[in-house]
Amino acid sequence: MAAETIVEPPQSSLSGVARVLVNAGKLNAKTAEDLTKSARERKISFVSALMGANTVKPDELAHTLASALALPLLDLGAVDLQKLPRNLVDNKIANQYQLIVLGRRGNRLFIGAADPTDQEAVERIKFATQLTPEWVIVEYDKLARQLESQSTSATETLETLTSGDFEFDVTEEDTNAPEADAAASDVEDAPVVRFLQKMLIDAINMRASDLHFEPYEYHYRVRFRVDGELREITQPPVAIKDKLASRIKVISRMDIAEKRVPQDGRMKLKFGSKAIDFRVSTLPTLFGEKVVIRILDPSSAKLGIEALGYEKIEKDRLMLAISRPYGMILVTGPTGSGKTVSLYTCLNILNQPGVNIATVEDPAEINLPGVNQVNVNDKAGLSFAAALKSFLRQDPDIIMVGEIRDLETADIAIKAAQTGHMVMSTLHTNDAPTTLTRLLNMGVAPFNIAASVLLITAQRLARKLCENCKKAAEYPRDSMLKAGFKPEELDGNWKPYRAVGCSACTNGYKGRVGIYQVMPITEAIQRIILAEGTALDIAKQAEAEGVRDLRQSGLIKVRLGVTTLEEVINVTNE
């Protein structure tokens, strides 16, 4: 009986990726023909059918195509996908032809795809963008993951957004102005409402602290601040900027008819039984109102002092100070350095049934049950100083002042600290020693400062390394010494880590940790204050007493592998 011979289909019937793989010996012609037929019947691409059959691995396909077609190969895992250009190619086209826009140079548009032989995709992109596509090979599995995340992310068009099971709480202080009523009805525009809800949900899921809605002459962009870094999320149509700003102002109980001056407000988003508060600020710019929304997380005040990043000696100093019956504790640092969370954490520790706590803030960011919180209202004459005077007639044990901004507030706060009250407040200074000279410059008498201030803590927030992808790094010894490490610290058996980046983090970082300088006011420092010494004199004395400055505290975090040397230098480089 004659041996049965297998007739190979002619290669001329194959095209594109199939032909390349057969010619490269990665696929036999019969399998290629079967997959081509299957893809045609299922109305999917050949590459999708190939990957579904698991005949060729994604990285093998990418390397083969790059070599055979002389095209560049790019690893999407090594690219910050948040920084890629958006809205150059419609999402529907990107999903239909399985491609991603990598960049633009002049009239050339660089397109990442697993199948660069698709001429129909080339023509569609040319027609839609009036640009010339340049192909870059990417691995199919990484491309598919990115396209899937894009399809559910904030870059969806307004028309395709779907509403979820959440609603805005607009029950308080609804405005009665007829203009506001008319404008409010005008912005009950379903796509705009759903877009705003989607932005807020995405921001919460990404652990963002702020949302920025920014109008410009020819475009409108939305950015989130995640782990202290602003990242562009989407560029919605410019036409929605006024409706979106009006919608936000309506639910934040602002004057919707007033667009010439900045305004502040609050809003609340309800998820069933859970509610999240937002602080809203508007600012008139050249091309419309910029809106910044701060996400207020009540759980941050209940993290516990261990979660904030204090080292043991720093935590012990702080706990000792807040356990005192009277005196003043000051928290300093720039905007966004976590001062409020530190103060609220202390208040949460002290919040007991037998303690009367009152706070005055501008505005109150986190609602703490059991604490009497007051919002500053300058228009009504309720300033920090006026609220403090009223507090002293309310029999308080602990007073928290949002910020000491002027001599009057400082004087009343110090008098309260000297008459049997624990006072906590914040100041905007670079470090702990300069806080004392700032009070002197305000006009506070040296003997009042020395007699009332118990402790000053300066702080910064540094990005934490992602535990999944961080890797040991090698730095020159000279640069480590220059950064502040002591020679004996470099001789130990430890290595610093560097940020790498993976799907679970942002550029190798995930979350933030506090870096602290905790300086108790000892008798020696009191004598320097009374002698009207400089911040440098106070800093030298504090160092002699074992108080670490911000850089030294940051370097401890580097040694523990919590953050990188670059990040510590960045946040403590005064």
Side-chain angles (χ1 to χ4, degrees), residues 169 171-173 209 253 264-279 294-310 315-331 338-377 380 382-404 409 412-413 415-417 419-426 452 454-455 457 459 514:
D169 180 9
T171 55
E172 303 173 29
E173 299 180 29
S209 60
R253 296 173 287 279
D264 292 298
R266 292 174 75 98
M267 64 186 186
K268 184 179 289 187
L269 191 62
K270 287 185 174 179
F271 299 80
S273 60
K274 185 181 179 184
I276 295 178
D277 287 306
F278 302 88
R279 190 177 75 196
R294 165 70 56 89
I295 300 175
L296 306 178
D297 183 8
S299 62
S300 61
K302 300 174 184 176
L303 290 173
I305 199 153
E306 290 79 11
L308 298 183
Y310 285 94
K315 183 183 78 171
D316 291 346
R317 286 172 181 158
L318 181 61
M319 295 302 290
L320 179 64
I322 67 172
S323 65
R324 299 273 289 274
Y326 57 86
M328 178 181 280
I329 293 171
L330 296 172
V331 181
K339 299 187 298 294
T340 303
V341 170
S342 293
L343 282 177
Y344 272 108
T345 302
C346 293
L347 289 180
N348 207 47
I349 293 168
L350 298 170
N351 188 10
Q352 303 296 331
V355 179
N356 181 17
I357 303 176
T359 75
V360 55
E361 301 162 78
D362 185 20
E365 293 192 7
I366 299 169
N367 178 29
L368 269 184
V371 175
N372 305 291
Q373 296 172 276
V374 175
N375 275 339
V376 165
N377 187 341
L382 181 58
S383 62
F384 280 116
L388 268 174
K389 286 177 182 176
S390 176
F391 283 173
L392 296 179
R393 297 190 290 271
Q394 291 276 323
D395 185 31
D397 298 301
I398 298 166
I399 297 171
M400 197 266 268
V401 185
E403 184 185 349
I404 293 177
T409 306
I412 300 168
K415 285 172 186 172
T419 54
H421 306 91
M422 169 58 70
V423 179
M424 299 180 185
S425 188
T426 70
S452 58
L454 299 175
L455 177 136
T457 172
Q459 64 182 74

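Predicted model only: the values in this text are computed from it and were never measured. When a residue number appears, it is its place in the shown sequence, counting from 1.
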**Request:** Determine yes or no for a side-chain-to-main-chain donor-acceptor pair under 3.5 angstrom, with Asn356 supplying the side chain and Asp395 the backbone.
**Result:** yes
**Message:** Show the nearest heavy-atom pair for residues Val423 and Ala417, with the distance to one decimal.
**Reply:** CG2-N, 3.8 Å
**Request:** Start with the C-alpha gap between Thr419 and His421, add the side-chain angles, then the distance that decides, and say whether side-chain contact (heavy atoms from CB on, under 4.5 Å) holds.
**Result:** CA-CA 6 Å; Thr419 54; His421 306 91; 3.4 Å; yes
**Closest approach of Thr359 to Phe391 (non-hydrogen atoms, all atoms of both residues)** = O-CZ, 3.4 Å
**Fill in**
Shortest non-hydrogen pair, Phe384 vs Gly402, comes out as CE2-N, 3.7 Å
**Fill in**
Value for CG (Asp277) from CE (Met267), rounded to nearest 0.5 Å, stands at 10.0 Å
**Message:** Tell me whether Arg266 contacts the main-chain N or O of Ala364 through its side chain, where contact means a donor paired with an acceptor under 3.5 Å.
**Reply:** yes
**Asked** Distance from Lys339 atom NZ to Met424 atom CE, nearest 0.5 Å?
**Response** 16.0 Å
**Request:** Supply the atom-to-atom distance Met400 CE to Ser425 OG, rounded to the nearest 0.5 angstrom.
**Result:** 8.0 Å
Which atom pairs, donor and acceptor, lie under 3.5 Å between side-chain atoms of residues 318-331 and protein residues at least two apart or in another chain?
from: Ser323; atom 1: OG; to: Met319; atom 2: O; distance (Å): 3.3
from: Ser323; atom 1: OG; to: Leu320; atom 2: O; distance (Å): 2.7

**Asked** For Leu382, which of Val374, Val376, Val360 qualifies under side chain to side chain contact (heavy atoms under 4.5 Å, CB included)?
**Response** Val374
**Request:** Would you list the pairs meeting salt bridge (charged side-chain N to carboxylate O under 4.0 Å, His left out) in which at least one residue belongs to residues 341-364, sequence neighbours left out?
**Result:** Asp362-Arg405
**Prompt:** So, do Leu308 and Lys315 sit near enough that their side-chain heavy atoms are less than 4.5 Å apart?
**Reply:** no
**Request:** Evaluate the criterion side-chain contact (heavy atoms from CB on, under 4.5 Å) for residue pair Leu388 and Leu392; output intermediate values, then yes/no.
**Result:** CA-CA 7 Å; Leu388 268 174; Leu392 296 179; 5.9 Å; no
**Message:** Assess the residue pair Gln373 and Leu347 against the criterion (side-chain contact (heavy atoms from CB on, under 4.5 Å)); give the C-alpha distance rounded to whole Å, side-chain angles, the decisive distance to 0.1 Å, and a yes or no.
**Reply:** CA-CA 12 Å; Gln373 296 172 276; Leu347 289 180; over 6 Å; no
**Prompt:** In Å, rounded to the nearest 0.5 Å, how long is the span from OG of Ser383 to CD1 of Ile412?
**Reply:** 7.5 Å
**Message:** Tell me if a side-chain donor or acceptor on Asn372 pairs with a main-chain N or O of Ile357 at a distance below 3.5 Å.
**Reply:** yes
**Message:** Donor-acceptor check, side chain of Gln459 to backbone of Gly514, threshold 3.5 angstrom: yes or no?
**Reply:** no
